[in-house]
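Shown next, in structure tokens, is the structure this report addresses.
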Number of protein chains: 2
Amino acid sequence: MAPRPRPSLDTVFAALADPTRRAILTMLLEDDMAVTDVAEPFEMSLAAISKHLTILAGAGLITQEKRGRVKWCKLEPDAMKGASVWMQGFGQFEPVNLDAFERFLGTELGLGSEE
Amino acid sequence: MAPRPRPSLDTVFAALADPTRRAILTMLLEDDMAVTDVAEPFEMSLAAISKHLTILAGAGLITQEKRGRVKWCKLEPDAMKGASVWMQGFGQFEPVNLDAFERFLGTELGLGSEE
DNA sequence: TGCATATTCAACCAAACGGTTGACGATTGC
DNA sequence: GCAATCGTCAACCGTTTGGTTGAATATGCA
């Protein structure tokens, strides 16, 4: 496949604006996954998840590779770089508080209340 | 002062997904601005800008204070903190490359070509 | 008082979004 | 070969988004 088009801030931020898509990205932190497996925990159709994955791929946040009849989804965290740098220009945020991140993961996965 | 409700990742990312709104935030880096002045450089109605500002305020990215008949808009960069931390959990991005940020500002403000 | 300025409101519009369902093309395995 | 599995496509649906216009509401000023 041709070198991925540089993901725009528009598409990256828009992709990240949906909680389902953020949850998918979080799942992919663990490991690459097949589309069906990505869809499993969600209460929506496979087709809907497939669309979300297309949007994530469009933003460059994941890549998809078909092996046999299974399509594998792989996280591409570098796609967040531009957006991350952009935001950091607005203030020096604490040098990556991983504790806070763990908590975010909890709420993102729906383990906690939204407050 | 009542602590503002914690802006959600949904609203923050959605607010940042629009180029007009990102440009507004960039303008507000310089200084607080009145609504009319914010609208001036854009080729769209004042009402449209007013809506964008409402969305930015809803995400906590700006606050608005009315003094006399003028409503002042103030950047609130801390509202990006949660989103920034969330993204950093996906990879350690270079510790704030300000050069890159300057370049982003250029393209965001439409001073350079998109490519 | 009366007019200009600053901003929002209300109604409307086309397009995009997020979801559904059912049919379909590929691939795998018995 | 045939049935099951994987994933997307196409059509459809209601809601949201990003914009418009024109009227309305405050406020400032001469």
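Letters A, B, ... mirror the listed sequences (proteins, then strands); counts begin at 1.
Here the P atom of nucleotide dT8(C) and the CD atom of Glu65(B) are 14 Å apart, to the nearest Å. The CZ atom of Phe13(A) sits 15 Å away from the P atom of dG18(D) (whole-angstrom rounding). Met44(A) places its CE atom 12 Å from the P atom of dT21(C), with the value rounded to the nearest Å. Counting to the nearest Å, the P atom of dT16(D) and the CG atom of Asp10(B) are 13 Å from each other. Rounding to whole angstrom units, CD1 of residue Ile24(B) and P of dG18(D) are separated by 11 Å. The distance between atom CD1 of Ile49(B) and atom P of dA6(C), rounded to the nearest whole Å, is 15 Å. Between the CZ atom of Phe42(B) and the P atom of dG19(D) there is a distance of 10 Å, rounded to whole Å. Note: CD (Glu40(A)) to P (dT5(D)) measures 15 Å, nearest angstrom.
In this structure, Leu61(B) and Ala15(B) approach most closely via the heavy-atom pair CD1-CB, 3.7 Å. For the residue pair Val12(B) and Ala59(B), the shortest heavy atom distance occurs at CG2-O, 3.7 Å. Closest of all the heavy-atom pairs between Phe13(A) and Leu16(B) is CD1-O, 3.4 Å. Summarising the geometry of Asp18(B) relative to Thr20(B), their closest heavy-atom pair is OD1-N, 2.8 Å, with the distance given to 0.1 Å. Nearest heavy atom pair, residue Gln64(A) against residue Ala57(A), reads OE1-CB, 4.0 Å. Among all heavy-atom pairs drawn from Pro41(A) and Met27(A), the shortest one is CG-CE, 3.8 Å.
When each of Leu46(A) and Asp37(B) is assigned the nucleotide of DNA chain C bearing its nearest heavy atom, the one mapping closer to the 5' terminus is Asp37(B).
For the pair Lys71(B) and dT8(C), the criterion of a side-chain N or O lying under 4.0 Å from OP1 or OP2 is met. Residue Ser45(A) places none of its side-chain N or O atoms closer than 4.0 Å to OP1 or OP2 of dG19(C). Taking side-chain N and O atoms only, Ser50(B) has no distance below 4.0 Å to OP1 or OP2 of dT7(C).
Residues Ile55(B) and Val38(B) are members of separate hydrophobic clusters, defined by side-chain heavy-atom contacts under 4.5 angstrom among Ile, Leu, Val, Met, Phe, Trp and Tyr. Following chains of ILVMFWY side-chain contacts shorter than 4.5 Å, one cannot reach Trp72(A) starting from Leu29(A), and the two form parts of different hydrophobic clusters. By the criterion of side-chain heavy atoms lying less than 4.5 angstrom apart, applied directly or through intervening Ile, Leu, Val, Met, Phe, Trp or Tyr residues, Ile62(A) is not grouped with Val70(A); the two fall into different hydrophobic clusters.
Nearest nucleotide to the Lys51(A) side chain, out of dC6(D), dG19(C), dG18(C): dG19(C). In this structure, of dC6(D), dG18(D), dT8(C), it is dC6(D) that holds the atom nearest to the side chain of Thr36(A). For Ala34(B), the side-chain atoms get nearest to dT7(C) when compared with the rest of dT7(C), dG19(D), dG7(D).
Contact of the His52(A) side chain with the Ile24(A) side chain is registered, since non-hydrogen atoms from C-beta on lie closer than 4.5 Å. At least one side-chain heavy atom of Met87(A) sits less than 4.5 Å from a side-chain heavy atom of Met87(B). Looking at heavy atoms from C-beta onward, Asp10(B) lies in side-chain contact with Pro19(A) at the 4.5 angstrom threshold.
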Identify each atom pair where a protein N or O and an N or O of nucleotides 23-27 of chain D are less than 3.5 Å apart, giving names and distance.
residue, atom, partner, partner atom, Å
dT27(D), O3', Arg69(B), N, 3.3
dT27(D), O2, Arg69(B), NH1, 3.4

With 3.5 Å as the limit, what N/O pairs link the protein to nucleotides 22-25 of chain C?
none

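A rotation axis mapping the C1' atoms of four pairs onto the next four is fitted at both ends of the helix from dT1(C)-dA30(D) to dC24(C)-dG7(D) over five pairs, and the angle between these axes is 20° to 10 degrees.
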